[in-house]
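We name chains A, B, ... by the order of the sequence lines, and we start the count at 1 in each one.
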Number of protein chains: 2
Amino acid sequence: MDVQLKRGLLDVCVLAAIKSEDSYGYKIIKDMKPYMELSESTLYTILKRLEGAEMLTVRTAAHDGRLRKYYRITAAGCRRIEEFKSEWAEMMSIYQFVSREGDEHA
Amino acid sequence: MDVQLKRGLLDVCVLAAIKSEDSYGYKIIKDMKPYMELSESTLYTILKRLEGAEMLTVRTAAHDGRLRKYYRITAAGCRRIEEFKSEWAEMMSIYQFVSREGDEHA
DNA sequence: GTGTAATACATCGTATCACGAGGTATTAGA
DNA sequence: TCTAATACCTCGTGATACGATGTATTACAC
C-alpha cells in the first residue's frame with residue numbers, strides 16, 4: 001500500500017489495536033498485519049508520539065523473564081478514533097470525486 | 001481535515017481535477033475546494049512532482065495577456081488513478097478494522 | 001551444547017512532503 | 001489610485017515513515 005495513503009491511518013490503527021485490550025509492540029504489529037504492515041521502527045515512533053499526545057499510557061511488566069511495555073488507550077485516544085470516523089465521511093466524498101472524474105467525461 | 005490523511009489523496013485529486021479537461025493551477029484549486037482545500041505552494045509542489053513522474057504534461061498558453069500553464073493528464077496519470085481505486089478497497093478494510101475495534105469490545 | 005529463529009525492545013539518519021511566508025506581474029473594478 | 005483577484009513561483013521548516021542497526025532473552029532443532 002502506498003506510503004502516503006497509510007500516513008493518516010497509522011496512528012488511528014495503532015489506537016484501534018489497543019482499544020479493546022492493552023497490548024505491546026510486537027503483538028500490535030502482528031494484529032495489524034492482516035490490515036496493514038508496519039515496521040518496528042515505525043511502530044515505536046508512533047507509540048512515542050501517541051504517548052506524548054497523551055492518547056495512551058505505558059506500563060512495563062515482566063513476562064517470561066522478558067520485559068514488555070503494555071500500552072493502554074486513554075479518553076483522548078478514544079476521541080481520536082471518533083474524530084477519524086467523522087473524517088471518513090470527507091474521505092468518501094473525495095474518493096467519489098476522484099472516482100467520478102476518473103470514469104465519466106463531462 | 002487532518003494533514004496526514006490528506007497526503008495520500010492530494011496527488012490523485014489533482015490528477016482527477018485535470019482528467020476530463022486540461023486545467024491550470026488557479027482553476028485546479030478552485031475546482032478542488034469543495035472537496036479539499038490546498039494552498040498554492042502545495043499545489044505547485046504537487047504539479048512539479050507529477051510532471052517529474054510523467055503523470056502529466058505542461059503547455060503554456062496566453063490568456064488575456066496573462067500566461068497560463070495548462071496541465072494534461074498522461075496514460076501513466078490515468079493508471080495512477082486506477083491504482084488508487086484498487087487501493088481504496090484496502091483503505092475500506094482498514095477503516096472497518098478501526099471502526100469495529102472502536103465500537104465493540106471483544 | 002551450539003546455532004538459529006523468534007520475541008521484544010530501542011536509536012539514528014535519510015528522504016519525502018505539505019505548507020506558510022514571501023515574491024513577481026497583470027487585469028478589473030471601486 | 002488603490003485594492004482585490006488572477007496567475008505564477010521559491011525557500012525553509014517541521015513532521016514523519018522506514019531501513020539499518022543494535023541489545024538481550026527464550027525456544028527449539030541438530
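K30(A) has no side-chain polar atom (N or O) that falls below the 4.0 Å cut-off from OP1 or OP2 of dA6(C). Contact between the side-chain N/O atoms of K69(A) and the OP1/OP2 oxygens of dA10(C) is found at a separation under 4.0 Å. Listed pair T42(B) / dC19(C) meets the phosphate criterion, a side-chain N or O lying under 4.0 Å from OP1 or OP2. For K6(B), a side-chain nitrogen or oxygen approaches OP1 or OP2 of dC19(C) to under 4.0 Å. At the phosphate of dA6(C), neither OP1 nor OP2 sits under 4.0 Å from any side-chain N or O atom of Y26(A). Note on R7(B): every side-chain N or O is 4.0 Å or more away from OP1 and OP2 of dA17(D). Of the side-chain N and O atoms in K48(A), none sit less than 4.0 angstrom from OP1 or OP2 of dT16(D).
Distance, L10(B) CG to dT16(C) P: 17 Å, rounded to whole Å. Atom CD of Q4(A) is separated from atom P of dA15(D) by 17 Å (rounded to the nearest Å). Following rounding to the nearest Å, M32(B) (CE) and dA18(C) (C1') show an atom-to-atom distance of 12 Å. Residue D11(B) contributes atom CG, which lies 13 Å from atom P of dT16(C) at whole-angstrom precision. Straight-line distance from the CD atom of E37(B) to the P atom of dA18(C): 16 Å, rounded to whole Å. Rounded to a whole Å, the CZ atom of R49(B) is 6 Å from the C1' atom of dC17(C). Atom CG of L67(A) and atom C1' of dT26(D) are 14 Å apart (whole Å). Summarising the geometry, the separation between OH on Y24(A) and P on dA8(C) is reported as 4 Å, rounded to the nearest angstrom.
Defined by atom type and a distance below 3.5 Å, a donor-acceptor pair is missing between the side-chain atoms of T42(A) and T45(A).
Just one of K69(B), R72(B), R68(B), K27(B) meets the salt bridge (Lys or Arg N to Asp or Glu O under 4.0 Å) condition when paired with D22(B); it is R72(B).
Evaluation of the ring-ring contact (aromatic ring centres under 6.0 Å, His included) test over residues 36-57 of chain B, restricted to residues two or more places apart or in two chains, returns none.
If T45(A) and L38(B) are placed on DNA chain C by their nearest nucleotide, the residue sitting closer to the 5' end is T45(A).
When distances are taken from the side chain of S39(B) to each of dA10(C), dC8(D), dG20(C), the shortest belongs to dG20(C).
Remark: R80(A) does not engage D11(A) in a salt bridge, criterion side-chain N to carboxylate O under 4.0 Å. The existence of a salt bridge linking K85(B) and E82(B) is confirmed by a sub-4.0 Å separation between a basic side-chain nitrogen and an acidic carboxylate oxygen.
The neighbour count for E83(B) CD, taken as heavy atoms of other residues, nucleotides or ligands under 6.0 Å away, is above 12.
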Per-nucleotide protein contact string for nucleotides 22-30 of chain C (B base, S sugar-phosphate only, - none; heavy atom under 4.0 Å): ----BS---
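Ring geometry for F84(A) against Y95(B) counts as tilted: the plane angle lies between 30° and 60°, on a 0 to 90° scale.
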